[in-house]
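This report refers to the structure that appears directly beneath it.
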Amino acid sequence: MSMIYEPAKKTVGELLGDVAKKTSVPDYQRDYSWTDNHVDYFLQDVLGFMRSQNERTLPDAEYFIGSMVRVDKAEGYELLDGQQRLATAVILLSSIRDSLPPLNAKASIKTQERWIAEEDDRTGDRTYSLTLSTYDRSYFRRRIQDESATPPAPGTASQKLIDAARKKIDSELASELEQLPDGKSREEWLLFLRDVVVNHVTTVTVTCTSEQDAASIFETLNDRGLGLSTVDLLRNFVLRRAGEPEREEIVSIWGDVLSESTSVDVDEFLRHYWTSRHGDIKSQRLYRAIRKYLEESGQSSLEFMRDLGTAHAAYVRLLRPDFANQATNEELQNVADLKAKMLYPLLLSGLARGEEGFHSLVRAALIFYVREGVVAKRNSSQMEKVVFSAASLLFDGTPLGEALAVLHFGASADAVFEASIGELKGLDTSSARYLLREIEISMRNQEETDVARPPRIHVEHIYPQKPKAADRWTNHSDYVGKLGNLTLLARRINTSIKNSDFSVKRVELAKSELFITQSVAALAVWDQSAVDRRQGELGAKIKELWVWPAEVVAAAAEFPVEAED
């Protein structure tokens with residue numbers, strides 16, 4: 001069946017000032033998400049357009065802000081694409097409204113009633129030009145659309161963005177007004193800006209007669225790079241196909257997921273979630289894959305969202321570990337410190353089975369990552385193939401030992417690992433800090449093992465990265481990045497001596513309480529042979545600390561099937 005839709009040029013004023021039908025954002029759409037940069041770009045473009053016009057040229061001028069997609073319903077228009085731009089236009093109009101009263105109170109009232117919210121004289125009820133989705137609706141009304149001397153405090157991340165957008169626009173308008181000589185010129189400037197926003201900022205608005213058609217256009221636009229993330233598209237699809245009784249619970253689950261969005265990357269979580277169950281997929285193909293699966297499997301939106309919600313709660317535990325086994329918490333923090341994100345699908349699959357044996361899985365995954373990614377510097381796509389294969393096995397219900405065996409057989413041979421240790425150099429800061437911190441802890445034996453984590457502990461090059469010309473080694477590039485030339489400090493070394501000779505720097509190193517650094521400060525000379533010697537000492541520790549645990553070796557013997565190349 002062909003789609004029925006009507007594309008037409010619409011000004012912001014026409015979209016907001018429609019008396020017969022107001023615009024709302026359905027609950028399955030995203031929250032307000034424009035950051036300071038987005039708002040500033042929008043505002044500066046509008047102001048730049050305004051500055052290029054005058055009373056003579058403006059009537060024939062337009063500033064185009066893109067396409068919008070809406071569905072025509074009996075109760076009003078549902079906006080499927082364009083809410084960020086339209087909401088920001090309302091925020092801008094609200095700032096104009098609140099700047100006008102000392103200059104022209106009547107114009108302030110007109111701005112409010114025509115384009116922001118009109119009030120019934122008899123009942124006092126308000127009809128809003130734009131109604132946001134459930135997560136932002138009430139706050140947007142109280143902070144932006146209602147005239148309020150004491151704005152409410154923002155709660156969620158999206159509410160904080162709304163508040164920041166209004167403050168950004170207020171500050172910019174105040175700065176512009178300060179440059180004008182008197183009240184009359186300020187009034188004229190504000191009214192000119194209002195005219196620009198409502199009558200000359202334009203869109204191409206596609207109005208559809210059915211939600212299905214609008215959603216198809218919406219997805220097509222965004223598939224072609226015009227805007228939304230996988231999360232936005234998925235929320236749209238899942239809620240659109242859900243029955244009315246299911247929507248409240250689905251919205252609630254999305255709310256729980258998105259409430260963590262300031263600390264948990266939701267798009268990244270979705271990819272890790274899907275990979276843990278169905279194997280690797282690239283981010284740009286994720287939405288289509290999930291949609292196809294739901295359409296072909298017949299799984300309901302609510303069933304999918306319940307599983308997604310459970311997985312998200314587990315994912316948060318991986319990022320902010322709170323397990324009874326403190327060793328598990330330590331290892332999960334190490335995963336985070338190393339930025340070993342490829343391990344999360346595997347850990348998510350393992351945790352879905354329960355906590356029994358979970359520590360063994362975390363430890364084995366970390367050892368695999370260190371041996372392959374940090375020491376052997378293996379290609380990440382090759383490593384992901386192994387890790388994601390183990391994740392799929394675990395989720396499908398195979399024994400834990402088989403997944404451990406996949407990691408073992410998917411790793412390089414011991415001889416390759418040991419040879420790589422001897423030449424280990426050029427590590428990124430996270431990897432170097434992790435290796436040195438673990439070695440430091442192992443050196444302490446029964447002593448206090450609480451060694452600071454990043455960012456309170458720093459990696460220091462003993463022979464400096466930028467030595468003075470007289471102190472530069474002839475084979476500088478061969479030695480400066482070697483692991484043996486690195487140590488840890490609880491605070492950054494004084495900049496004035498950072499690139500000094502060892503005889504100066506060792507005084508500063510001697511102040512450290514870290515064994516790994518004290519041993520360097522105890523030396524009288526730091527030269528190439530000292531780096532080589534320390535490289536061997538640290539290498540011996542690495543072989544000892546990142547050896548495969550007994551349970552992994554046993555699993556490899558029980559499931560002697562090598563991972564695919």
Side-chain angles (χ1 to χ4, degrees), residues 30-31 135 156-158 229-235 238 249-283 286-287 289-290 293-294 299 301-366 368-369 383-384 387-397 400 403 407:
R30 59 177 165 175
D31 311 334
Y135 307 107
T156 66
S158 58
S229 67
T230 297
V231 176
D232 301 318
L233 293 166
L234 186 60
R235 286 171 66 189
V238 169
E249 184 176 347
I250 291 173
V251 167
S252 176
I253 294 171
W254 273 121
D256 291 340
V257 170
L258 295 170
S259 68
E260 296 280 356
S261 60
T262 54
S263 58
V264 178
D265 185 320
V266 183
D267 284 285
E268 193 166 72
F269 156 68
L270 276 177
R271 179 174 178 245
H272 290 163
Y273 161 78
W274 192 254
T275 299
S276 73
R277 285 149 169 76
H278 302 279
D280 189 20
I281 190 166
K282 301 306 177 188
S283 297
L286 182 56
Y287 168 68
I290 297 176
Y293 170 81
L294 292 176
Q299 184 182 38
S301 289
L302 184 56
E303 289 174 325
F304 170 76
M305 285 304 302
R306 283 173 175 168
D307 184 56
L308 185 76
T310 299
H312 184 264
Y315 194 78
V316 171
R317 288 190 76 195
L318 295 178
L319 299 182
R320 297 200 294 269
D322 62 352
F323 295 87
N325 186 339
Q326 187 56 35
T328 300
N329 296 332
E330 286 289 325
E331 296 291 36
L332 286 171
Q333 187 58 58
N334 288 335
V335 172
D337 290 347
L338 275 170
K339 300 180 176 63
K341 294 180 179 181
M342 71 170 65
L343 300 181
Y344 286 124
L346 172 60
L347 302 181
L348 202 53
S349 289
L351 192 53
R353 298 164 62 109
E355 294 186 30
E356 184 177 353
F358 183 63
H359 175 71
S360 295
L361 177 66
V362 177
R363 181 61 186 160
L366 191 58
F368 173 85
Y369 184 87
M383 294 172 61
E384 286 179 344
V387 172
F388 297 163
S389 174
S392 294
L393 286 172
L394 274 181
F395 189 77
D396 289 341
L400 173 62
L407 294 177

So, do Glu355 and Asn325 sit near enough that their side-chain heavy atoms are less than 4.5 Å apart? no
State, to 0.1 Å, how close Val231 and Val266 come at their nearest heavy-atom pair, and which atoms those are. CG2-CG1, 3.5 Å
From Gln299 atom CD to Asp307 atom CG, the distance as rounded to the nearest 0.5 Å: 7.0 Å
Could you walk me through whether Leu308 and Leu270 pass the side-chain contact (heavy atoms from CB on, under 4.5 Å) test, one step at a time? CA-CA 8 Å; Leu308 185 76; Leu270 276 177; 3.6 Å; yes
Gap between atom CE of Met342 and atom CG of Asp280 - 0.5 Å precision: 10.0 Å
For Phe323, ring pair (Phe, Tyr, Trp, His ring centres under 6.0 Å) partners two or more places apart: Phe358
Do Trp274 and Leu286 have side chains that get closer than 4.5 Å, going by heavy atoms? yes
Are the side chains of Leu332 and Leu347 in touch, meaning some heavy atoms are under 4.5 Å apart? yes
Short question: side chain of Arg271, backbone of Ile281 - any donor-acceptor pair under 3.5 Å? yes
Between atom CG of Leu234 and atom CE of Met305, what is the distance when rounded to the nearest 0.5 Å? 7.0 Å
Leu394 backbone acceptor or donor facing Arg353 side chain under 3.5 Å: yes
Gap between atom CG of Leu343 and atom CE of Met383 - 0.5 Å precision: 7.0 Å
NZ/NE/NH1/NH2 to OD/OE distance under 4.0 Å, Asp31 and Arg235: yes
When rounded to the nearest 0.5 Å, the distance separating CG of Leu366 from CD of Glu330 is 11.5 Å
His359 side chain reached by Glu331 side chain, heavy atoms, under 4.5 Å: yes
Distance-only, no hydrogens or angles: does the Ser276 side chain make a donor-acceptor pair with backbone N or O of Tyr273 under 3.5 Å? yes
State whether the number of non-hydrogen atoms from other residues, nucleotides or ligands found under 6.0 Å of Gln326 atom CD is greater than 12. yes
Find out whether Phe395 and His278 are in side-chain contact, i.e. whether some heavy atom of one side chain is under 4.5 Å from a heavy atom of the other. no
Tell me the closest heavy-atom pair linking Ala391 and Ser349, and the distance in Å. O-OG, 3.1 Å
If you look at every heavy atom in Gly350 and Leu361, which pair is closest and at what distance? CA-CD2, 3.6 Å
Side-chain contact test, heavy atoms from C-beta onward, threshold under 4.5 Å: evaluate it for Asp256 versus His312 and give yes or no. no
Output all residues satisfying ring pair (Phe, Tyr, Trp, His ring centres under 6.0 Å) with Tyr315, sequence neighbours left out; order by chain, then residue number. Phe269, His272, Tyr344
Write down the atom of Leu348, the atom of Ala314, and the distance for their closest heavy-atom approach. CD1-CB, 3.9 Å
Would you please say whether a donor-acceptor pair under 3.5 Å links the side chains of Asn329 and Gln333? no
Might you work through the side-chain contact (heavy atoms from CB on, under 4.5 Å) test for Val238 and Phe304, ending with a clear yes or no? CA-CA 9 Å; Val238 169; Phe304 170 76; 4.1 Å; yes
Note, Leu407 side chain near Leu346 side chain (heavy atom, < 4.5 Å): yes
